[in-house]
There are 2 protein chains.
Amino acid sequence: MAKGNTNPDFLNGVPELAVLRVLFDGPQHGYAIVQSISKRTGGTLQFGEGSIYPILHKLEQQGLLMTRREVAGGRERIVYRLSKRGSKQLEESCHRWQNVVQSVQALIEGGDNGLSPVVPAAS
Amino acid sequence: MAKGNTNPDFLNGVPELAVLRVLFDGPQHGYAIVQSISKRTGGTLQFGEGSIYPILHKLEQQGLLMTRREVAGGRERIVYRLSKRGSKQLEESCHRWQNVVQSVQALIEGGDNGLSPVVPAAS
DNA sequence: CGATATACCTAAAGGTTCAAGGTAATGACA
DNA sequence: TGTCATTACCTTGAACCTTTAGGTATATCG
């Protein structure tokens, strides 16, 4: 049954970053966030609701998101909006992300240029 | 305790990739691998031995690494070398990594410009 | 009414990484 | 000789995150 393949490739912390980023462009409710992410990445990044909602709740608890109840068409929806601290966190997360990308890139590409090989054998 | 906050997030599957990449440049033993990674990334990526050894064992079990016992200075060391399948896996991992990077980048940068919405504004 | 899409939420499961410890052998030093 | 620091290898326990797969409820359309 549930194959439970958890953290697939290199996505870790990415859903959280995605949520923050999407909300940066304007308030949305959970269901819409899920689809915005998919839409924005051309379907490459598809996080299910089961991944997003827990994050939404966590971020709200941390004060990074504000919520507001809205009624649209008789349906109640919870609209999430980025707080000031949320914006800050987004910036920080982006920064860390770039940092990781750079490091990994250096690792991948930084093959045999310049660096001296590990030859301790002297004595 | 807890997973601490030493290393930022976004590192999932990265240690594995790092191990494969480092070994691509030549056989090494575990301890050296740990330090090679740190050295190559200028200390940005520092995975402890507790992270690396389990990966080493897993990769060996999967046939991606070959081992050879060596005796250097009376000490026995286990030297790991990339297998053919390991090389293939490295290439594939790099590819997936680039893929994720692209997607996230699109998400971060692709605010509301450029991409055509799904609804091409009829009438 | 029944089916579908929207909207929200939770539980169980599984894999990953981390910190922190443990064991040994060597070489240096006094 | 004894001890210290370093190298090398290994294991454990906890905590974390994401996913799958459900569960609930309302509105709209045929």
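Chain letters run A, B, ... following the sequence lines, proteins first, then strands; residues in each count from 1. Computation of the quantities below employed the complete heavy-atom set of this structure, encompassing side-chain atoms and omitting hydrogens, waters and symmetry-equivalent molecules.
Remark: P of C:dA24 and CD1 of B:I78 are 15 Å apart, rounded to the nearest angstrom. One can place CG of A:L45 at 11 Å from P of D:dT18, the figure rounded to the nearest angstrom. We find that NE2 of A:H29 is positioned 14 Å from C1' of C:dC9, with the value rounded to whole Å. Summarising the geometry, the separation between CG on B:L56 and C1' on D:dC10 is reported as 11 Å, rounded to the nearest angstrom. In this structure, CD of B:Q62 is placed 12 Å from P of C:dG15, rounded to the nearest angstrom. Taking atom NZ of B:K58 as the reference point, atom C1' of D:dC10 lies 17 Å away to the nearest angstrom. B:D9 places its CG atom 12 Å from the P atom of C:dT17, with the value rounded to the nearest Å. When rounded to the nearest whole Å, the span between CG of A:L11 and C1' of C:dG15 equals 14 Å.
Among the nucleotides D:dT11, C:dT10, D:dT18, the one closest to any side-chain atom of A:P15 is D:dT18. Candidate nucleotides D:dT19, C:dT17, C:dT16 were compared by shortest atom distance to the side chain of B:I55, and C:dT17 ranks first. For B:Y31, the listed nucleotide lying nearest its side chain is D:dA8; candidates were C:dC18, C:dA7, D:dA8. Residue B:Y80 has its side chain nearest to D:dC10 when only D:dT18, D:dC10, C:dT10 are considered. Distance from the side chain of A:R77 is smallest to C:dA7 among C:dC18, C:dA7, D:dC10. Comparing D:dC17, D:dT19, C:dT17 against the side chain of A:N12 picks out D:dC17 as the nearest.
Scanning all heavy atoms of the two residues, the minimum distance from A:N12 to B:L11 falls at CB-N, 4.5 Å.
Within 4.0 Å of B:E49, counting heavy atoms only, lies at least one base atom of the nucleic acid. Within the 4.0 angstrom heavy-atom criterion, only backbone atoms of the sugar-phosphate kind lie near B:G30; the bases stay farther away.
More than 12 heavy atoms of other shown residues, nucleotides or ligands fall within 6.0 angstrom of atom CD in A:Q62. Within 6.0 Å of NE2 in B:H57 there are more than 12 heavy atoms belonging to other residues, nucleotides or ligands.
A salt bridge between A:E60 and A:K58 is absent, with no side-chain N of the basic residue lying under 4.0 Å from a carboxylate O of the acidic one.
Residues A:E16 and A:S93 bring no donor and acceptor atom of their side chains to less than 3.5 Å of each other. A:Q98 and B:Q105 are linked by a side-chain donor-acceptor pair at a separation below 3.5 angstrom, with hydrogens and angles left out of the test.
For DNA chain C, none of the residues of residues 85-103 of chain B falls under the heavy-atom distance limit of 4.0 Å.
Between A:Y53 and C:dC8, a side-chain N or O to OP1/OP2 separation shorter than 4.0 Å is present.
Using the six-membered ring where Trp is involved, B:W97 and A:W97 have ring planes that are tilted, between 30° and 60° apart.
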